[in-house]
Novice: 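Just dropping this structure here.
Order of the sequence lines sets the chain letters (A, B, ...), proteins ahead of strands, with each chain counted from 1.
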Protein chains: 2
Amino acid sequence: MPPSRQRNANTESVDNYLKAILALSGPEEQRVSSTSLADRLGVAPASVTNMLQKLASSLLPLVEYERHRGVLLSAAGKRRALEVLRHHRLIETFLYEVLDYPLEEVHEEAERLEHFISERFEERIAVKLGHPKFDPHGHCIPAMDGKMPKQISVPLTDLREQGTFVVDSVSDQDALLLRRLRAHGITPGARLQVASRPPDDFVLRTSGVSKALHLSRDLAAAVRIRSAH
Amino acid sequence: MPPSRQRNANTESVDNYLKAILALSGPEEQRVSSTSLADRLGVAPASVTNMLQKLASSLLPLVEYERHRGVLLSAAGKRRALEVLRHHRLIETFLYEVLDYPLEEVHEEAERLEHFISERFEERIAVKLGHPKFDPHGHCIPAMDGKMPKQISVPLTDLREQGTFVVDSVSDQDALLLRRLRAHGITPGARLQVASRPPDDFVLRTSGVSKALHLSRDLAAAVRIRSAH
DNA sequence: CTAATTCATTAGGCGCGCCTAAATATGGCG
DNA sequence: CGCCATATTTAGGCGCGCCTAATGAATTAG
């Protein structure tokens, strides 16, 4: 075995880098900076550089990386990232539907388990759940072939006009926030009348509740909406 | 923080050492040698010594260790080992009962996942399964408080007299072996007539099958039996 | 009771993923 | 255009869990 051989480590850490790049590069697949990765992953920027160099120079590179110019997923990297994302969202759905987890707690557990389940496990829970298309936060579950439909929703904070909307999805990043949203009846599928939106204060009405609802900016930022079909 | 502080790492590797010590020390809790641990874990003996020293000298030691005299679990170590064993066996039961895994495949998956599930996950699957006492191999599942009833079964290979018995449990260590046993109808609970046992050849009759069954030593070694109540 | 054999430990090293501190690009502004 | 602030990379180190080679302890055989 030649000494300079780099094996393609698919470790938990590698998975997390790939997921972060996928999330940060957005739908237009823009290059992602080291700093933003470092922020998101909670590691030092130097650690990011290190890892990116490793990922880029392996036999089957998972990223395309140029010094000082950010990073992008390679085809293989994207495949793996979507596989892990699929694991994550299937597990979330499973915890919610089958094991009766409260919505706020599915993310943390899925975040750990997504790296360790087998293909068989993935397939079995997908069957059990009837091949769901969305997780309980309203996020789309990538198909086995890695295809994902385009997002048509927008962040509530991007909204300019008033009107009636449907909650498309809620962020899974912050359990506390999520619980507060749920307490206000804001869960995927809920109907929402946006009455007005002065800066940093969102006045809403939800179905069945007469009183107006004020949402702070951080709460609103965790909600994506689409037009009431 | 004093520099010599050793944190009590509860990593996957530590868990595996604790499980191995639990298994090898047997019901009489005998001291376990470095070599037997090295064999079981598939690592070099030197690595074992290293780890044992670390485990023994942490703030809350997980093992009692004396140079050249082997190792034993401390109370804390035993607690953790039983917790992981409980995880393992609950997961196996879950995979078998809820996700319809074939019996031979539950072990490998459980072996990975046991280290990463939360207390909540453990509790939820236990509830879902109705707090089972045995896993699908026939092994007893430790209770939450770490209590385990004594084994009353004996290895088929230890048997001296003929007679009718019930299969208590089958080993989960070797998937191939397990599949061959299942093909012969030897699963926990099955009735077994032991007709004769010349060295290294076990002649059996199973319920419903008229033809005699010959088991090689390696197969027989994977079966534990008890008297047909 | 000594010698040989077997078992266990020490010593030193490696890859991984992280860190800090120091050096170096890049891009915007005066 | 050159300078500065910020972003990024390089250099050097650390703990973990593993390795091999060499040393040392325990046990068994003669």
Side-chain angles (χ1 to χ4, degrees), chain A residues 1-21 24-25 30-59 61-72 84 111-112 115-116, chain B residues 1-21 24-25 30-59 61-72 84 111-112 115-116:
Chain A
M1 217 194 293
S4 71
R5 173 79 57 82
Q6 299 253 156
R7 53 186 155 303
N8 210 336
N10 263 34
T11 65
E12 191 178 349
S13 192
V14 169
D15 281 352
N16 286 332
Y17 276 87
L18 298 179
K19 274 204 314 174
I21 297 169
L24 292 174
S25 67
Q30 293 172 331
R31 300 190 83 88
V32 173
S33 72
S34 299
T35 339
S36 59
L37 272 173
D39 277 3
R40 175 148 185 138
L41 294 169
V43 302
S47 308
V48 172
T49 301
N50 232 298
M51 179 62 98
L52 294 184
Q53 289 173 341
K54 214 191 58 175
L55 293 182
S57 63
S58 72
L59 250 88
L62 295 171
V63 302
E64 277 155 37
Y65 167 67
E66 281 176 84
R67 298 164 81 244
H68 297 281
R69 316 203 50 258
V71 73
L72 264 185
V84 178
E111 196 72 7
R112 250 178 300 115
H115 309 289
F116 306 109
Chain B
M1 217 195 295
S4 72
R5 171 79 55 85
Q6 301 253 157
R7 51 187 157 303
N8 211 336
N10 261 36
T11 66
E12 190 179 349
S13 190
V14 168
D15 281 352
N16 286 333
Y17 276 87
L18 298 179
K19 274 205 313 175
I21 298 168
L24 292 173
S25 68
Q30 292 171 333
R31 300 189 84 87
V32 173
S33 73
S34 299
T35 339
S36 59
L37 272 172
D39 277 3
R40 175 148 186 137
L41 294 169
V43 300
S47 308
V48 172
T49 301
N50 233 295
M51 179 61 99
L52 294 184
Q53 289 172 341
K54 215 193 59 176
L55 293 181
S57 63
S58 72
L59 250 87
L62 294 171
V63 302
E64 278 156 36
Y65 167 68
E66 281 175 85
R67 298 163 85 245
H68 297 279
R69 314 205 51 258
V71 73
L72 264 185
V84 178
E111 196 72 8
R112 251 178 301 112
H115 309 288
F116 306 108

Novice: If you check the A/M51 side chain, which of D/dT9, D/dG17, C/dC18 turns out closest?
Specialist: C/dC18
Novice: Once rounded to the nearest 0.5 Å, what's the spacing between atom CD of A/E111 and atom CD of A/E12?
Specialist: 9.0 Å
Novice: What is the distance from CD of A/Q53 to C1' of C/dC18, rounded to the nearest Å?
Specialist: 15 Å
Novice: Roughly how many Å is it from CG in A/N50 to P in D/dA11, rounded to a whole number?
Specialist: 11 Å
Novice: Tell me the interatomic distance from A/L41, atom CG, to C/dC18, atom C1', rounded to whole angstroms.
Specialist: 12 Å
Novice: Have a look at A/S47 and say if it touches a base, only the backbone sugar-phosphate, or nothing, with a 4.0 Å heavy-atom cut-off.
Specialist: base
Novice: Against A/L24, only a single residue in A/V71, A/L37, A/D39 fulfils side-chain contact (heavy atoms from CB on, under 4.5 Å); can you say which?
Specialist: A/L37
Novice: In whole Å, I'd like the distance from the CZ atom of B/R31 to the P atom of C/dC7.
Specialist: 18 Å
Novice: Give the rounded distance in Å between these two atoms: CD of B/E66 and P of D/dA26.
Specialist: 11 Å
Novice: Can you tell me how far P of D/dA26 sits from NE2 of B/H68, to the nearest Å?
Specialist: 5 Å
Novice: Working to the nearest 0.5 angstrom, can you tell me the gap between B/K19 NZ and B/D15 CG?
Specialist: 8.0 Å
Novice: When the nearest nucleotide of DNA chain C is assigned to A/A46 and to B/T49 on a heavy-atom basis, which residue is associated with the more 5' position?
Specialist: B/T49
Novice: Grab the two heavy atoms, one from B/S34 and one from B/L52, that are nearest each other, plus how far apart they are.
Specialist: OG-CD1, 4.3 Å
Novice: Counting only side-chain N and O atoms of A/T11, is one of them less than 4.0 Å from OP1 or OP2 of C/dC16?
Specialist: no
Novice: How many angstroms lie between OH in B/Y17 and OG1 in B/T11, if you round to the nearest 0.5 Å?
Specialist: 9.5 Å
Novice: For the pair made of CZ in A/R69 and P in C/dT24, what is the distance, rounded to whole Å?
Specialist: 22 Å
Novice: Does A/S13 make a side-chain N or O approach to OP1 or OP2 of C/dC18 shorter than 4.0 Å?
Specialist: yes
Novice: Give a yes/no on whether any side-chain N or O of A/Y17 is located under 4.0 angstrom from OP1 or OP2 of C/dC18.
Specialist: yes
Novice: Name the residue closer to the 5' end of DNA chain C, choosing between B/S33 and A/A44 according to the nucleotide with the nearest heavy atom.
Specialist: B/S33
Novice: Phosphate oxygens OP1/OP2 of D/dT9: is one of them under 4.0 Å from a side-chain N or O of A/S34?
Specialist: yes
Novice: Heavy atoms from C-beta onward define the side chain here; which of D/dG17, C/dC18, D/dT9 lies closest to that of B/V14?
Specialist: D/dG17
Novice: Distance check: side-chain N/O of B/R67 vs OP1/OP2 of C/dT10, anything under 4.0 Å?
Specialist: yes
Novice: Whole Å only: how far is the CG atom of A/L52 from the P atom of D/dT10?
Specialist: 11 Å
